[in-house]
Amino acid sequence: MDRKGRTVFRTAWLLFFAAVISMISCGEGDHPAVGKIEEQEKESSRQQETREGTSDGQPECGDGDDIPKAGQEYPVLAWNAKEGDFERPGYILLQDMEKEKTYQIREGDTLWGIARNFYEAGEAWPVLQEANRERIPDQNLIFPGTELAVPSNCLIRRQSFSRGGFSSPSCSYDVPWDWTSGRPNWEICLEYSWFPEEGNYGVYTHVTENRMLPDGAGDAWESIQQKIIEVSEEKSAVSFSVPAFERYRREDGRELLFYRFVAAAQEEKAQFAVAYVPGEKYLAEFIGICPLTDQDDCDIVGITRYMAASYREEGGEKEWDSLKYRPYLGAENWPFEDLHNPFAIAENRFGEKEEAELAGADGEAHFVSGEWEELLRKMICYHFDYSNEERAEFMDRPVYLRELAWIEEVKLIESPIPGRDRIAIQGMCPPEGLGCAAYNLTTLADIAVLPNLRKLTLEIGTATDYEALAMCPSLRELSITGQSQMREADWLLELPNLEALTLNVSYIPHLIAMGVELEDGTTFSGEEESEEEEPEGKKMDEILGGCTSLTYLELEYTGALDWDFLENLPSLYAFILKGEDEGLRKNEFTDKSYPHIRCLVVDGRWIRNPA
């Protein structure tokens, strides 16, 4: 359906909705102080004429049908409703709980009259009833002496031409119509980041199980505020203003907890806006960030509040498609495990970062694989932006270790789909688009030449001499997908800084064994896996139990292991075990097994999930 069609459809639906509303009437009671909604039409008309508004009787903020512009603001408006505005689908109603008043019902009062006195809109009486449902079980029956809560009402104008925002079986929320989405590479535990196609600001979102505030914030909000303030006052490379807190009640009865602060580092300043919505099942989190400049007029506070106000639970199950395999940034100084630390995010983005200490002397680098050396030479030229003359001179001399010091990450991933091989050196890909086989990495000793390699991802078939990686003591993250289940891994004990380890088995050899022909060829052999005897030396569980710095372990393994090796890994945050098709092994684990592991998944069964 095109935009014109959608507009016609929306208009027809609104007309139908208005017709339904007009048929709803309120009954009358018998008590002398009965709150029957019976104000005369002429009174409503007189009030309508005296209120301020545009010439067509609409609120000054507009009717919500205009096409929004890039950077559209979503302000919380003071109550200025006209007749029926509180029911309009073009607005989101919030009640400011910090400004809530009380009123004691007097003889002769009606809900209509009370709403008119407080809101200058008698037709807003349902707002009073909703806020006092325990005191007013029947909207037609109110009694003198009853104390009513009188919410401070705010309206947020909905954007009209949204692309639908985010929607899933579990939840949905609106986003600015001209924004796009992605995932931040500096914090994998945030699910989505929403940002304009141009601009260095956006909103980061996360939805998790509501374990923290299952019954709403209640009286805990004051203590939560105090803890947040204490974190903001800790010494840091970034200075923070005192957070300003707000608290709203949404139309669904759930709360919206909100605060904002300014982060300043050197000559940079940024506005942060943070919103939490504790639902019946899930806890939604929105973190808006926008640099403060004279030119940037982005209302990140209004946008973040708007997205949180539009959040709703859809009743379905959330698909936990991304593992939270490490604590959030700054978790050690943050008292809320289920929430991100926005002050640590500010430090990560705006704080002064220490330069990594890189090794690399003037010694020469020696390679076995000529094609691999050629690739590294190309990437060095790109990295240092060599001129044609410098490039020609460089190609005729040895490669020095200092010229490889900048390489901290390498990815080599074969794919059975032609053209889908992934080769990346520090995030850069070779321009020719050639596959892994073209660079003929025949020994991992050529990888070990890199003096500062911290992250390595391998899914190639010819390089099986993994023991050469023992010469990479700087490795922090290692992922290997090999032809068969790894059985000899003593070399892992030579990696004192290893934090994340993944050992998987590739499906490519199985495809070859079934006769599948790969157009681009592959460095994986087509030999079927033979029955291997357990190698001499340390067993796999002993080896893994010696990798005491691990925080993440993903293991595809079908052999028998003594799982108590996990007790020797005090820092292990996530353990993902797979490889047994029958799924019987998962019965060996319960929700009380190895309680120090926060994320525990066995053969597809989520035993614990901190996502």
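This one's a predicted model, so the numbers in the text were calculated from it and none came from an experiment. By convention here, the first residue in the shown sequence is residue 1.
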- prompt: Are any of the side-chain nitrogens in E403 or R397 under 4.0 Å away from the carboxylate oxygens of its partner?
  reply: yes
message: Run the side-chain hydrogen bond (donor to acceptor under 3.5 Å, both in side chains) test on E347 and S236 for me, step by step, so that the C-alpha distance in whole Å, both residues' side-chain angles and the decisive distance to 0.1 Å come before the verdict.
response: CA-CA 8 Å; E347 285 193 72; S236 165; 3.0 Å; yes
- request: Check whether any side-chain heavy atom of E408 lies under 4.5 Å from a side-chain heavy atom of Q426, and answer yes or no.
  value: yes
- prompt: Is the side chain of R305 donor-acceptor paired with the backbone N or O of A275 at a distance under 3.5 Å, no angle test?
  reply: no
query: Counting N and O atoms only, with roles assigned by atom type, does the side chain of S549 sit under 3.5 Å from a partner on the main chain of E499, one being a donor and the other an acceptor?
result: no
message: Could you check whether any side-chain heavy atom of E285 comes within less than 4.5 Å of a side-chain heavy atom of V207, counting everything from C-beta outward?
response: no
- prompt: Who pairs with E268 by side-chain contact (heavy atoms from CB on, under 4.5 Å), at least two apart in sequence or on another chain?
  reply: F350
- prompt: Does any non-hydrogen side-chain atom of T548 lie less than 4.5 Å from one of S571?
  reply: no
task: Assess whether atom CZ of R422 is packed by more than 12 heavy atoms of other residues, nucleotides or ligands within 6.0 Å.
output: no
- request: I would like to know whether T180 and W194 meet side-chain contact (heavy atoms from CB on, under 4.5 Å); could you show each step before the answer?
  value: CA-CA 6 Å; T180 186; W194 300 92; over 6 Å; no
- request: Would you please indicate if the ring centroids of F286 and Y173 are separated by under 6.0 Å?
  value: yes
statement: dist L555:CG -> L501:CG (nearest 0.5 Å) comes out at 7.5 Å
field: Approximate separation, where rounding is to 0.5 Å, of E409 CD and R476 CZ
entry: 13.5 Å
- prompt: Can N568 and L566 be said to form a side-chain contact (heavy atoms from CB on, under 4.5 Å), step by step?
  reply: CA-CA 5 Å; N568 300 326; L566 296 169; over 6 Å; no
- prompt: Are F240 and F343 close enough that their ring centers fall under 6.0 Å?
  reply: yes
field: Proximity of F195 and Y201 rings by center, below 6.0 Å
entry: no
field: Side-chain ion pair, K411 and E459, N-O less than 4.0 Å
entry: no
field: Closest non-hydrogen atom pair, A344 against L329
entry: CB-O, 3.4 Å
field: Neighbour count >12 (heavy atoms, 6.0 Å) for atom NZ, K269
entry: no
message: Quick check: Y204 with Y192 (ring centres under 6.0 Å apart)?
response: no
D465 (side chain) donor-acceptor with A468 (main chain) under 3.5 angstrom: no
message: So, taking the atom named CH2 in W491 and the one named CG in L444, what distance separates them when rounded to the nearest 0.5 Å?
response: 8.5 Å
query: Taking it one step at a time, do D446 and S369 satisfy side-chain hydrogen bond (donor to acceptor under 3.5 Å, both in side chains)?
result: CA-CA 7 Å; D446 282 349; S369 310; 3.0 Å; yes
- line: Here the gap from R377 atom CZ to L404 atom CG, rounded to the nearest 0.5 Å, amounts to 10.0 Å
- prompt: Hey, does L401 have a side-chain heavy atom less than 4.5 Å from the side chain of E364?
  reply: no
- prompt: Which pair of non-hydrogen atoms, one from M486 and one from Y557, has the smallest distance, and what is that distance?
  reply: O-CE1, 3.4 Å
message: Less than 4.5 Å apart, side chain to side chain, heavy atoms only: is that true for V505 and T481?
response: no
- line: Nearest heavy-atom approach of V175 to M307 is CG1-CE, 3.6 Å
task: On the 0 to 90° scale, with breaks at 30° and 60°, tag the W563-F565 ring pair as parallel, tilted or perpendicular.
output: tilted
- prompt: Does the side chain of N504 come within less than 4.5 Å of E554's, by heavy atoms?
  reply: yes
- prompt: Between the main-chain N or O of V301 and the side-chain N or O of T304, is there a donor-acceptor pair closer than 3.5 Å?
  reply: no
field: Residue that, paired with I425, satisfies side-chain contact (heavy atoms from CB on, under 4.5 Å) out of L450, L412, I407
entry: I407
message: So that I can tick it off, tell me whether R585 and D603 are bridged by a salt bridge, with the cut-off set at under 4.0 angstrom between side-chain N and carboxylate O.
response: yes
task: Measure the shortest side-chain to side-chain distance between I423 and L375 over non-hydrogen atoms and say whether it is less than 4.5 angstrom.
output: yes
Sub-4.5 Å side-chain heavy-atom contact between F367 and E374: no
- prompt: Out of curiosity, E191 CD to S181 OG, how far, rounded to the nearest 0.5 Å?
  reply: 12.0 Å
message: With side-chain hydrogen bond (donor to acceptor under 3.5 Å, both in side chains) as the criterion, how do S474 and N452 come out once you've worked through the C-alpha distance, each side chain's angles and the decisive distance to 0.1 Å?
response: CA-CA 6 Å; S474 58; N452 297 300; 5.6 Å; no
